[in-house]
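Everything below concerns the one structure shown next.
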Amino acid sequence: MTRIPVSDLSRYLFQGHIRRAGCLRMRQNASFGLGASSLGLPRSLHTTTGLHEVNSSQHTSAAKSDPPVPLRKQLKDQAKALKAAGKKKKAKADNQTVPGWELTVGIEIHAQLNTSRKLFSSATTSFDEPPNTNVALFDLAMPGSQPIFQKETLVPAVRAALALSCDIQPRSRFDRKHYFHWDQPSGYQITQYYEPFAKDGHITLYPRDGIAPEDGESVTVGIKQVQMEQDTAKTIAQPGEIHWLDFNRVGVPLIEIITHPDIHHPATAAALVRKVQLLLNAVDSCVLGMESGGLRADVNVSVRRTDGGPKTLGTRTEIKNLSSFKAVEDAIIAERDRQIALLEDGGVVEGETRGWSLGSTETRRLRGKEGEVDYRYMPDPDLGPLVIGKDLVEHLRASMGVLPDAEVEDLMSTYGLSSKDAISLMLLDNGGRIQYFYNVLDAMERRLQEEPSVPPTSTEHAVLVANWCLHELGKLSVKDTDFQSQGKELYFTPAGECPIPAESLADILFYLHRRRITANLAKDLLWAVFRGEIGAAGTHKDVTEAIEKLDLWFKELSHQEYRDLARDVLEGEEKVLKDFQKFKTGQSRAYPQGKLMFLVGKMMRKGPEQRMDPKSAETVMRAVIEDRVGAGM
Amino acid sequence: MLAGAGSRPLQLRHGFASGRAIAAAVAQRRWLNHFISKSPPTDTSDASPPAPSSPSSFRLAIKDNITTASLPTTCASPFLAGYTSPFEATVVSQLRRLGAAVVGKTNLDEFGMGSHSTNSAAGPVVSPLSTAETTPLSPGGSSGGSAAAVAAGEADVALGTDTGGSVRLPAAYTGVVGYKPSYGMLSRWGVVPYANSLDTVGLLARSAGRIRELIVEGGMFAQHDERDPTSLSSQARGRCTASRRGYNGEKIDVKGTTFGIPIEYNIEELDPRIKDAWAKTAARLQEMGARIVPVSLPSTRHALSAYYVIAPAEAASNLAKYDGVRYGARDAGATDGAGETLYSDTRGAGFGAEVRRRILLGSYTLSSEAMDNHFLQAQRVRRLVRRDFDRAFALHNPLLEREHFDLAEMDEAVPLEDKFGPAEVDFLLCPTAPTLPPTLDEVMAQTPVDGYMNDVFTVPASLAGLPAVSVPVKVEGADGPVDFAGLQVIGQFWDDARVLGVAEQIGELGGD
């Protein structure tokens, strides 16, 4: 299941550039690495001091390489403006419903398809090339030129429709939608109005997708249809009343996804758009995300009273061209509140098209119904029906891979991961991280089968692998700044390769799982692999050899040795033991776990750490304390 | 809906000359105005046509709505004044490979919309048959310039476009042969569209044989063009050709074939002299061993209405690109501020009256209120028209599943030949136009709807996408310079070779 992020693919195809790893990405990962070592015990082997310092220069360099963040800046400015105005924003979580009113939302999402050709000409689709360099005769509507449907555009389109559980129509048609605008050279856009290529899909949203709590465990939104259509030219505003036109974008294939009005909460609308982007990304049919302009949403909003009002939906307004998930949610809230206020004042909602600019608090009227254009849809007389064979659909369905929801479910049920960890694994490194997880897990399961002393039925080993892939690996980059300067950095390829070979991590985790090495040693071994001390070029050929040669196997103390050590440690700790006494007699309600861990820590320091397992030490210490307290100290 | 527009004479503006101006011009000398642009007389730059001595070399006139890279392509519209296309139409390249030397671009009705070649920014075309003694005659339209060029002997072959009869009608009015091919046979890449689903590239020449040489012997029928989505694929061409005769040099003999005379075409408005010539030709064919049978095409009476719904709708859409942004002059002061429009004035000023009329008509039929009532109904009528033809022809339409026609569902008017049903025919024989060519004065006095009536016999074959050839035959008792009328041979889809073959023989019948 190789995942190649579309952005990387297009960069590679169009510019021959392969991205290694982003330092931004790793800084993000660092947050997962906190508090993994619960005991906070000092490192013993190989770990040199000084490596744990966080190098501040890394942060500055990372900040410098940040992509331009007009969005973030706008959001900041917006917050400032609100503050200045003395308004306190109502938390969105409390703003999902208005008592006495029901909100109804339908969404239309436009997404640029991931194809190399335009929809009806063999011109290349380009995003970063000089303006007006990829334009065919038909793109400019030169008199006498004709459209030729580019078959390869069907692949991402059908994949997208399948990801949205749509029925692919064996026969669909293209229609002309007429309106005059300078970004539309032919005076019409070719779309699929009467007979779209995909219909009747649905998408199910769960709390983990960020739906409003009012929607409960899940909400299913129907997809009315998915249609293919042409994009328009890009207008570049110049000072004065001048507009420049870049026709590179004209005719680039889009899909428009139209939902049924099944959404009743603003957060759920944003969650839907976010999930559509995730799905389109997962099946490789979308070029860019919403923030890069590859995805745009129009929302239809209406309200009606819940207390015995008419059963029909209220008059709806359409808010056009929303370009972020936040804008979707904010614009819906603003429009809902505007409509409710209007109706409560005895007014009437007019069917109209409205706009929303980022950071504003109100939608604004663009044009009313009398200004609405009659698009005069007409079947395109040059283009025959689009016939999509069952074989193509079945092939694409079979080669589509696992969809995000199924994968989360699988990670949870088969491997025992939490939903949070599962989603984190899937989101990191554009899918490279989860691929690495599968690679390590495979290697580890091979090791487990080689030595089947314990039937590997439990999911314990998988959870271990997931924890290490998420948390321990995440620590490597932040802490080891020395190696960053040597060009060593943690990265993940889409095929799930990283500087730590999956086999090496699997070895370490196998021994840890079988309790043949300690957790601390395992962490040190990981560092050693990262530094290259273990591996083909290192001092030791592999993990097993390193443990063998340095005699690092975990030879655990016997039970009696643990007990003796525990008794030793408890000498002179009568004060501490009083706390346990209080618990025993019911004077205090909570077990003094902190005190226990303090004693275990002391025990670990006093004894031969390499031969001790903190868990065993804790168990023994607990039992010994129990004995002492029970015996009246 | 046309009553308002039709109550006053054709509006002429922006170079659309008035009737009086033409009369004056013609009075001075025979001024045909059939070319919009001409190749320089010593033109050899035209991609090296074969040496003039070459027997295959011929002079080609091209209707000015077909793109050429060397000469401008104006479509007789102010919008494209001075416009030279960056590319050449496929059909022009094909003909040049067959020896064509381009003599010029011919005048037409703006964007092909009209029946008399009067709606042109370059002024109306005058028929070469006009004499100094008579008022100037209509050359027919919209390929009037191409027909005039052939009739006047200035071109051996001319390219026209035939959407609802625009090649056949001018051929009939000027006494030349006009051929409309099966839809999808000749590439439309480079043909500025009027109504894409009806548009075909047609050829005009003094004999059907000359056209057959290019289409059949020259192999144009077999050439697929991947740039035209409606060009029939090579595979489909092979299949269609295999089910037809005449493409492999077989001799086409009238003997043993069946001609159907469509009874619905015998209309009240039909000039008795044309009716007479029609009957005489049928009789001659019978003498030559052909069978003549009456056939019924009941949907014919709705065909014209359907055509004038579909064609303007597609035209309105196709012409949306002429908005003053890339084509045409735009008033620099125009803004699209509140209450103002950026495109509307440009479009109003840039199109001629007939084009504006058809854009309005088309925009109306496509509007959300009228779409179901008009456009979709018209598409239904179009299917019925095609079914009528499929039922009449012995050959079946290779693009469709073979249809079984139940006698019980047939119109009562359909004459039955025997207990098995109506006669099945090879060709249909009918007039091309209901009248002899009118004078330009008469044309100017017509309402637009009268003008549309001229297309009544040509539109059905266009709606069904069938091959049709108009061939001149002699009429008796003509009182003017015109002693011929156009008769039309219509065949089943892709039966072009045989249609051209029998048209050639009808053309050779002579006047006696």
Side-chain angles (χ1 to χ4, degrees), chain A residues 119-122 135-151 173-190 193-194 233 235 241-243 245 247 250 365-368 370-386, chain B residues 65-67 73 75 77 79-80 83 85-90 111 187-193 195-199 225-231 310 313-314 316-327 335-336 341-344 347 362-371 375-376 379:
Chain A
L119 190 52
F120 295 113
S121 81
S122 57
V135 187
L137 290 168
F138 177 73
D139 301 334
L140 275 182
M142 296 300 284
S145 63
Q146 291 174 285
I148 297 291
F149 177 70
Q150 304 292 309
K151 293 187 195 73
R173 293 201 72 104
F174 289 103
D175 304 301
R176 294 178 177 180
K177 173 184 181 178
H178 299 87
Y179 63 93
F180 291 112
H181 203 274
W182 56 70
D183 63 11
Q184 185 70 271
S186 54
Y188 54 81
Q189 175 196 33
I190 303 180
Y193 177 75
Y194 290 110
T235 304
E241 294 225 313
I242 295 168
H243 298 286
L245 287 172
F247 288 98
V250 84
R365 182 184 158 111
L366 290 180
R367 56 173 184 259
E370 74 275 16
E372 288 285 294
V373 196
D374 185 336
Y375 291 125
R376 293 172 284 123
Y377 288 101
M378 179 187 87
D380 192 298
D382 263 344
L383 292 161
L386 175 60
Chain B
N65 62 349
I66 299 173
T67 62
T73 302
C75 300
S77 176
F79 259 113
L80 291 174
Y83 171 74
S85 173
F87 65 100
E88 181 178 79
T90 302
F111 288 110
S187 167
R188 290 193 298 112
W189 172 258
V191 176
V192 181
N196 317 43
S197 73
L198 296 154
D199 286 346
D225 181 7
E226 58 179 21
R227 287 168 299 185
D228 175 3
T230 61
S231 170
I310 294 169
E314 293 185 19
S317 171
N318 288 325
L319 297 181
K321 69 178 68 165
Y322 305 104
D323 57 8
V325 174
R326 275 164 309 277
Y327 306 106
T335 71
D336 63 346
T341 50
L342 189 56
Y343 305 115
S344 157
R347 287 170 63 78
S363 298
Y364 169 72
T365 49
L366 288 181
S367 68
S368 45
E369 301 107 76
M371 180 78 186
F375 192 77
L376 297 184
Q379 300 287 12

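The figures that follow rest on heavy atoms only: side chains count, while hydrogens, waters and symmetry mates do not. Naming convention: chains lettered A, B, ... in sequence-line order (proteins, then strands); numbering from 1 in each chain.
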Measure the spacing between CD1 of A/Ile148 and CG of B/Asp225 and express it to the nearest 0.5 Å. 8.0 Å
Calculate, to the nearest 0.5 Å, the distance between atoms OH and CG belonging to A/Tyr188 and B/Leu366 respectively. 12.5 Å
Distance-minimising heavy-atom pair for [X] and [Y]:
{"X": "B/Ala320", "Y": "A/Gly187", "value": "CB-CA, 3.9 Å"}
{"X": "A/Leu137", "Y": "B/Phe87", "value": "CD1-CD2, 3.5 Å"}
{"X": "A/Pro143", "Y": "B/Thr67", "value": "O-CG2, 3.9 Å"}
{"X": "A/Pro381", "Y": "B/Thr230", "value": "O-CG2, 4.2 Å"}
{"X": "A/Gly144", "Y": "B/Pro193", "value": "N-CD, 4.1 Å"}

Examine whether an atom of [X] lies under 4.5 Å from a heavy atom of chain A, and if so say whether it belongs to the side chain, the backbone or both; otherwise answer neither.
{"X": "B/Glu226", "result": "backbone"}
{"X": "B/Arg326", "result": "side chain"}
{"X": "B/Ser363", "result": "both"}
{"X": "B/Val192", "result": "both"}

If you count heavy-atom pairs under 4.5 Å with chain A, which of [options] comes out on top?
{"options": "B/Val191, B/Leu198, B/Asp228", "value": "B/Asp228"}
{"options": "B/Gly190, B/Pro86, B/Ala313", "value": "B/Gly190"}
{"options": "B/Arg347, B/Gln379, B/Glu369", "value": "B/Arg347"}

Less than 4.5 Å apart, side chain to side chain, heavy atoms only: is that true for [X] and [Y]?
{"X": "B/Pro229", "Y": "A/Phe120", "value": "no"}
{"X": "A/Pro379", "Y": "B/Phe375", "value": "yes"}
{"X": "B/Asn318", "Y": "A/Arg176", "value": "yes"}

So for A/Tyr377, is it side chain, backbone, both, or neither that comes closer than 4.5 Å to the heavy atoms of chain B? backbone
Would you say B/Ser367 and A/Asp374 are linked by a side-chain donor-acceptor pair, where the criterion is simply a distance under 3.5 Å? no
Between A/His178, A/Gln146, A/Met142, A/Met378, which residue shows the highest count of heavy-atom pairs closer than 4.5 Å to chain B? A/Gln146
